[in-house]
Number of protein chains: 2
Amino acid sequence: MDTLETRELRYFVAVAEELHFGRAAERLGMAQPPLSRAIQQLERRLGVCLLQRNRRGVRLTGAGEVLLHEGRAALDATAAAARRTRRAGGADSPGGPRGRLVLAVKAAASHELLRKLLDAYAAEPDSAEIEVLPCGISEQEELLRDGRADVALMHTPWNSLAGFDSEALTTEGQVAVLPAGHPLAARETLSLADVRDVPDLPLARWPTQGTYAPGPGPEIHNQTQLAQLIALGRTVAVVPDSARSWLWAEHTAVPLTDAPPVVTHIAWPAHSRSLALAGLIRTAARL
Amino acid sequence: MDTLETRELRYFVAVAEELHFGRAAERLGMAQPPLSRAIQQLERRLGVCLLQRNRRGVRLTGAGEVLLHEGRAALDATAAAARRTRRAGGADSPGGPRGRLVLAVKAAASHELLRKLLDAYAAEPDSAEIEVLPCGISEQEELLRDGRADVALMHTPWNSLAGFDSEALTTEGQVAVLPAGHPLAARETLSLADVRDVPDLPLARWPTQGTYAPGPGPEIHNQTQLAQLIALGRTVAVVPDSARSWLWAEHTAVPLTDAPPVVTHIAWPAHSRSLALAGLIRTAARL
DNA sequence: GTCCTGTCATACCTGCCAGGTATCACCGAG
DNA sequence: CTCGGTGATACCTGGCAGGTATGACAGGAC
């Protein structure tokens with residue numbers, strides 16, 4: 001009947017993630033019995049069975065899956081409220097810091113665009129201070145959701161824009177990056193099929209949502225590593241056009257005819273109302 | 001440092017909405033002093049001044065505005081978690097009710113489409129039960145956010161799809177609905193300028209977000225009322241093509257050449273993961 | 001079968017804090 | 001000046017969150 005408390009959600013999410021009361025309690029910094037009791041109370045209040053306590057471990061019920069998902073979203077929203085409020089604090093003092101904005105960008109992506117955006121925005125009449133927060137591409141959405149960032153430069157098709165407002169800024173093609181001496185490097189253009197089926201050059205794999213797709217290619221952790229592996233003739237990678245800026249002399253980029261185009265968007269939490277953010281978006285749209 | 005509690009958010013939102021501790025306390029069913037103290041604690045914990053207590057009333061600071069906005073979103077997300085979990089409860093019992101879905105539709109909009117959608121979905125192999133929740137167009141987004149609904153049929157440009165996933169279903173033009181005898185009713189087509197400037201027929205006004213735009217036309221509360229006023233020759237309205245289904249004999253619909261097209265979307269909370277919902281969306285996309 | 005181990009639930013206690021009542025301090029209107 | 005209306009303070013109390021100790025129960029090893 002009454003509303004869920006943040007504490008209850010935190011407890012349930014911990015248990016649902018660990019699937020183990022003892023470990024969850026440890027993670028929460030508390031003893032196991034009160035945690036068990038809190039979850040029981042939660043189930044009673046919701047009138048729903050959340051966990052299947054088998055003799056030997058715990059499993060989520062359907063309702064539990066729902067609460068895990070929705071509860072995470074609610075906790076994110078709550079954390080975002082706290083963080084954004086703190087960040088806005090003190091913005092009243094006349095002459096004080098105008099609300100700072102945190103911009104999440106995938107490290108080293110959209111170099112040029114980012115530089116132009118920051119310069120253009122700084123030149124605006126009353127621009128806020130922008131803090132650039134470099135992060136992995138899969139973190140951006142989380143940062144925006146839980147309030148650690150206010151706005152992000154995202155790249156479809158890798159990022160999902162679901163749940164955010166966004167505006168498309170630029171579109172670019174993709175290129176295959178090959179070792180300079182490789183036979184394919186002499187071609188004018190390539191197709192995805194061409195680079196997927198090179199026996200001596202397995203396609204590099206990078207993590208999506210923290211896990212690597214199966215495949216023969218090496219697992220890539222960062223750009224420098226990728227650059228080196230390509231230069232050594234051990235792999236080939238498909239990257240957006242703008243990545244040419246960080247290529248080495250031993251690399252050759254060949255345009256791909258059938259790779260999906262990469263669109264850079266500026267994205268922000270839906271219904272964000274902030275003058276500073278609106279100004280940044282306006283500036284970006286004019287680039 | 002630590003996380004905001006739902007209770008604190010509820011208290012703050014009440015005070016921020018009422019701008020009056022006494023009334024807020026009454027609304028919350030509690031006494032005023034503990035409420036004052038709770039807000040003070042909240043400010044201390046966040047390290048931020050949220051309210052400007054003038055002698056004689058209360059005003060929001062910038063940080064307070066942020067917390068009001070973000071706090072409402074967090075409370076909505078929390079309420080949604082509770083509601084959707086309750087709704088999913090019992091879905092485990094084999095043969096029990098497969099997760100019910102609540103579909104929010106503007107009353108009387110998209111008749112035909114809705115009927116086709118419900119029929120087609122019911123014919124699917126393992127379809128869930130769909131509860132149709134008729135509501136005003138401005139309520140739909142709120143219902144989706146706070147979990148009272150799982151999916152909605154929305155109409156741009158009236159609804160905002162920001163924050164939701166969505167898929168476009170149909171596009172239609174708009175028509176002007178005039179009293180049958182009116183001179184303009186004889187025309188083949190009209191432009192928006194034509195209907196806006198008819199001296200004897202001021203354009204009907206309906207509420208957007210609960211308030212009426214200023215203007216000479218009558219304020220409309222429901223469709224029947226609108227139909228009657230048009231039939232009486234007192235007003236003219238611009239409505240989507242599909243609204244022809246509820247017109248009277250005394251009405252004439254004339255296509256508008258320059259009205260923005262109305263797109264019907266099926267929309268749902270971003271990142272919703274539910275088999276029943278996925279099935280409904282798939283069915284809708286095939287129509 | 002009999003341990004032992006790992007798990008979650010129960011019983012019971014305690015200290016903190018949310019919330020209540022009574023009252024104060026302050027200011028503007030008359 | 002007094003009065004009404006506001007939010008803040010002082011102080012008390014009951015409920016509940018959380019801790020400790022222990023139980024119930026199921027597997028696995030043998």
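All of these numbers come straight from a predicted model, not from anything done at the bench. First the proteins, then the strands, lettered A, B, ... as listed; each starts at 1.
Looking at which nucleotide of DNA chain D each of A:R10 and B:S36 is closest to, the 5′-most match is held by B:S36. Each of A:A31 and B:P34 was assigned the nucleotide of DNA chain D with the nearest heavy atom; the assignment lying further toward the 5' end belongs to B:P34.
Between the C1' atom of D:dA26 and the CD atom of A:Q52 lies a distance of 16 Å, rounded to the nearest Å. To the nearest angstrom, P of D:dT20 lies 14 Å from CG of A:L35. Between the CZ atom of A:R23 and the P atom of C:dG6 there is a distance of 12 Å, rounded to whole Å. The nearest whole Å value for the distance from the CD atom in B:Q32 to the C1' atom in C:dA18 is 15 Å. Between the CD atom of A:Q40 and the P atom of D:dA17 there is a distance of 13 Å, given to the nearest Å. A:E43 places its CD atom 8 Å from the P atom of C:dA9, with the value rounded to the nearest Å. Spacing between atom CZ of B:R44 and atom P of D:dA8 amounts to 12 Å, rounded to whole angstrom units. The distance between atom CZ of B:F21 and atom P of C:dG19, rounded to the nearest whole Å, is 15 Å.
Nearest to the side chain of A:P33, among C:dG19, D:dA21, C:dT21, sits D:dA21. Of the candidate nucleotides C:dT10, D:dA17, C:dG20, D:dA17 has the atom lying nearest to any side-chain atom of A:R37. When each of D:dG7, D:dG18, C:dG20 is scored by its nearest atom to the side-chain atoms of B:M30, the top-ranked nucleotide is C:dG20. Among the nucleotides D:dG19, C:dG19, D:dT6, the one closest to any side-chain atom of B:R7 is C:dG19. Here D:dA8 is the nucleotide among C:dG20, D:dA8, C:dA9 with the atom lying nearest to any side-chain atom of B:R53.
Here A:H20 reaches the OP1 or OP2 of C:dC8: one of its side-chain N or O atoms lies under 4.0 Å away. The phosphate of D:dA17 (OP1 or OP2) has a side-chain N or O of A:Q41 nearer than 4.0 angstrom.
More than 12 heavy atoms of other residues, nucleotides or ligands lie within 6.0 Å of CD in A:Q223, so this atom counts as buried by the packing criterion.
Proximity of a side-chain donor or acceptor of B:R83 to a complementary backbone N or O of B:D146 within less than 3.5 Å is detected. One N or O on the side chain of A:Q225 and one on the backbone of A:H221 form a donor-acceptor pair closer than 3.5 Å. Side-chain atoms of A:T61 come within 3.5 Å of backbone atoms of A:L50 as a donor-acceptor pair (strictly under, hydrogens ignored).
A salt bridge between B:E18 and B:R27 is present, with a side-chain N of the basic residue lying under 4.0 Å from a carboxylate O of the acidic one.
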